[in-house]
Each structure stands twice: as structure tokens, then as C-alpha cells.
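Note sheet for the following structure.
Just so it is clear, the values below take in all heavy atoms, side chains as well, and ignore hydrogens, waters and symmetry mates.
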Amino acid sequence: MTTSPRPRLIATDLDGTLLCPGGTVSARTAAALAAAEAGGVQVVFVTGRPPRWMRHLGPHIGGHGVAICSNGGAVVDVRRGELLESCPLDVADALTVVDRLRAELPGTAFAFEFPGGFAREAGYTVFHGESETDHPVGPAAELLASGAVDGLFKLLGKHPDLSPDEFLDRARAVVGPLAEVTRSSPIPLIEISAPGVTKATSLARWCLRHGIDAAEVVAFGDMPNDLEMLAWAGQSYAVANAHPLVLASVARHTVSNEHDGVAAVIETLI
């Protein structure tokens, strides 16, 4: 029986994994993250969240201050609010993706995450607590053609009727190799990135720059957008509340985010 090497980096998803159901960091989790950093283990948040949703997490992110956002589409210095790196979708490909999804899955409405912020179609409802007026609103084709969403690193699509998993499966079949399609939300919301851009690819690039091997990484996740990262890392854990596909794909499990599942594992590692 071989022993896994001591981890040098902890890569964790946020919503549904590290964060409490209300989107906060519990005292136990904050202490575990701080202990990991103090012990020389890097902590990197690897999330589907856009950069604009990261500001309040700065105190917990570790000495480097960097998070991988938008499923790998953006690398951000959270404390400085600075975009360090992005992997934008080609505008022509994004237009083709929109057209295909609109034709094959009528009712799909689109939104856009880009370095300048957020834009959406009128039919794309914003999340509770977000403003409906402080961003560009218009047809997808016009927003893309006008350059209003320049540097687009995540395209979002919502459907009013399909189940979340059916929407994802059908969207992947429609989009094909033009883009990466995944999901992390409990509602029928798909997240679309440039081809080859996933949490895993951006995390691997970060680790390469810091001389960290995949075998030295411990990763945590809960949703389909975490699967590539969980497959890449040397040790991976699914929280108990994870999507059934994630639970079936990952050998190691921990308790739910509500019960500080990430912290429970970190405490055994430090």
C-alpha cells in the first residue's frame, strides 16, 4: 500500500463545496484554510463564479490572493480586483453556439461574463439580489457583434422548461467541439467556455508555474463542472451533497458543505 505525498496545494470549489449554504465561510473552514496556508500548503479557489462575485472572499484566499474563476476562463487577483489571465471565446464561435442552441433548444436565453462585467438578453432573469439595470441588456447577436462583451470568458444559457441535466446533455450534443459546456447550478443553467478551457486546465497551468505536480494536489467539488479537476488531481473528494455523477466518479467522499466537509479533510492533512 503506497502513501500519497503530503499535499502542496488544496484546490476547492466554492458554492456547494467550501461555502455554507448561505454563501459564507464558516469559522471552522476559515481556520482550516488558514492552518493550511500557515503549514505551507497553497489554497486555490477554483470556481464557476465570475470575478465580480469574489470580492468578499479575499480574506480567505491565502497569501497569493489568486482565484481561478468562471470554470477556468479567468484568473483573478481577488484582493486587487485585477484580471491576471483570461481564455476568451472566439466571437464567431460564440455566435454559432448561440444560434445552434436557439434553434435546437427554443426558449434558451443568454448572458455574458467578460472583463468589463456582465450583460444579458432581456429574457435572461438575474439572480436574486442582482440589479436588473446596471449592465447592458440586448439580443445576444447584437451584444456580441457590437463588442459590448469584448473578451467574453463565459457564456451562460438558461432554459425555462428542461431539467438541468437534460439541458446540459442536449446542449453538449448541439454545441459539439465548438466550446466546453458544463453546469454547476441546481436550475437549468449551462456555462460555456472556449474549447479546452476547464477548471482542470487552468489549475494545471497554475501548478506548472509553481512546480507542483498533480499528485501533490488535493481537490474538492460537488457538480459536473468539477469533474475534470477532480479527475486531474492526485487526491479528490466529493462532498456528501454532490451531484450523483460526481459521487459516482470520485472514490473519496467527505461530509456535506453544511457540515464543513472540506475543513474536515484539511484537518487530517495538516
Enumerate the residue pairs fulfilling ring pair (Phe, Tyr, Trp, His ring centres under 6.0 Å) with a member in residues 151-180, sequence neighbours excluded, ordered by first and then second residue.
-> His159-Phe167
State, yes or no, whether a side-chain contact exists between Leu18 and Leu33 at a heavy-atom distance under 4.5 Å.
-> yes
Can you list the residues that meet the side-chain contact (heavy atoms from CB on, under 4.5 Å) rule with Ala194, with sequence neighbours excluded?
-> Leu89, Val197
Residue pair Leu203 / Trp232, side-chain heavy-atom distance below 4.5 Å | yes
Can you check whether Leu168 reaches Val181 side chain to side chain, under 4.5 Å on heavy atoms?
-> yes
Report whether Met54 and Ile68 are members of the same hydrophobic cluster (ILVMFWY, side-chain heavy atoms less than 4.5 Å apart, transitive linking).
-> no
Minimum-distance pair of heavy atoms, taken over all atoms of Thr47 and Asp13 = CA-OD1, 4.1 Å
Pairing residues for Asp15 by the salt bridge (charged side-chain N to carboxylate O under 4.0 Å, His left out) criterion, not counting sequence neighbours | Arg49
With the threshold set at 4.0 Å, does a side-chain nitrogen-carboxylate oxygen contact exist between Arg172 and Glu180?
-> no
Look up atom CG in Asp213 and atom SG in Cys207, then write down how far apart they are to the nearest 0.5 Å.
-> 8.5 Å
For residues 249-270, which residue pairs qualify under ring pair (Phe, Tyr, Trp, His ring centres under 6.0 Å), counting only residues two or more places apart or in two chains?
-> none
Pairs meeting criterion salt bridge (Lys or Arg N to Asp or Glu O under 4.0 Å) with involvement of residues 218-229, two or more places apart = Lys199-Asp226
Quick one: OG on Ser184 to CG on Asn225, what's the gap to the nearest 0.5 Å?
-> 4.5 Å
Rounded to the nearest 0.5 Å, what separation is found between the CZ atom of Arg170 and the OG1 atom of Thr108?
-> 9.0 Å
Specify the closest pair of heavy atoms between Cys69 and Val76, including all atoms of both residues, with the distance to one decimal.
-> SG-CG2, 4.0 Å
State whether the side chain of Asn71 and the backbone N or O of Thr182 hold a donor-acceptor pair below 3.5 Å, judged by distance alone.
-> no
Do you know which two heavy atoms are closest between Ile190 and Ala171, and how far apart they sit?
-> CD1-CB, 3.7 Å
Can you measure from CG (Leu162) to CD1 (Ile187) and round to the nearest 0.5 angstrom?
-> 12.5 Å
Tell me, yes or no, whether the heavy-atom count around Asp90 atom CG, taken from other residues, nucleotides or ligands under 6.0 Å, exceeds 12.
-> yes
Could you tell me whether the side chains of Thr125 and Lys158 share a donor-acceptor contact shorter than 3.5 Å?
-> yes
Leu144 side chain reached by Leu152 side chain, heavy atoms, under 4.5 Å | yes
Which atom pair, heavy atoms only, marks the closest approach of Arg252 to Ser236?
-> CB-O, 3.1 Å
Distance, nearest 0.5 Å, that separates CG of Asp93 from CG of Leu178 | 5.0 Å
Cluster question for you: counting only ILVMFWY and a side-chain heavy-atom cut-off of under 4.5 Å, with indirect links fine, are Leu155 and Val175 together?
-> yes
Which pairs pass ring pair (Phe, Tyr, Trp, His ring centres under 6.0 Å) with one or both residues in residues 68-100, sequence neighbours excluded?
-> none
Taking the six-membered ring of Phe118, is NZ or CZ of Arg52 closer than 6.0 Å to its centre and within 45° of its axis?
-> yes
Which residue pairs satisfy the salt bridge (Lys or Arg N to Asp or Glu O under 4.0 Å) criterion with at least one member in residues 181-194, sequence neighbours excluded?
-> Lys154-Glu191, Asp165-Arg183
Heavy-atom pair with the smallest gap, counting every atom of Ala179 and Ser193 = CB-O, 3.1 Å
Quick one: salt bridge (charged side-chain N to carboxylate O under 4.0 Å, His left out) partners of Arg100, sequence neighbours excluded?
-> none
Distance in Å, Ser70 OG paired with Ile192 CD1, rounded so as to fall on 0.5 Å steps = 13.0 Å
Mind checking whether Val43 and Val239 sit in one hydrophobic cluster, side chains of I, L, V, M, F, W, Y counted as touching below 4.5 Å?
-> no
So, does Thr201 use its side chain to make a donor-acceptor pair with the main chain of Gly196 at under 3.5 Å?
-> yes
Sequence neighbours excluded, which residues qualify as ring pair (Phe, Tyr, Trp, His ring centres under 6.0 Å) partners of Tyr237?
-> Phe220
Same hydrophobic cluster for Val75 and Leu57, using side-chain heavy-atom links shorter than 4.5 Å among ILVMFWY?
-> no
Not counting sequence neighbours, which residues clear side chain to side chain donor-acceptor pair (under 3.5 Å) with Glu82? List them please.
-> none
Going by the ring pair (Phe, Tyr, Trp, His ring centres under 6.0 Å) test, which pairs reach into residues 179-209, not counting sequence neighbours?
-> His64-Trp206, Trp206-His210
Taking C-beta and beyond as the side chain, do Glu85 and Arg205 meet within less than 4.5 Å on heavy atoms?
-> yes
Any side-chain heavy atom of Val137 sitting closer than 4.5 Å to one from Tyr124?
-> no
Under 4.5 Å between any side-chain heavy atoms of Ile10 and Ile266, yes or no?
-> yes
Quick one: does Pro136's side chain get under 4.5 Å of Leu143's, heavy atoms only?
-> yes
Correct closest heavy-atom pair for Ala67 and Ile61 would be CB-CD1, 3.6 Å
Pairs flagged by side chain to side chain donor-acceptor pair (under 3.5 Å) wherever residues 29-39 is involved - sequence neighbours left out | Ser26-Thr29, Thr29-Asp260
If you group Ile, Leu, Val, Met, Phe, Trp and Tyr by side-chain heavy-atom gaps below 4.5 Å, do Leu83 and Trp53 land in one group?
-> no
Passes side chain to side chain contact (heavy atoms under 4.5 Å, CB included), Val66 versus Val78? Steps please.
-> CA-CA 6 Å; Val66 171; Val78 174; over 6 Å; no
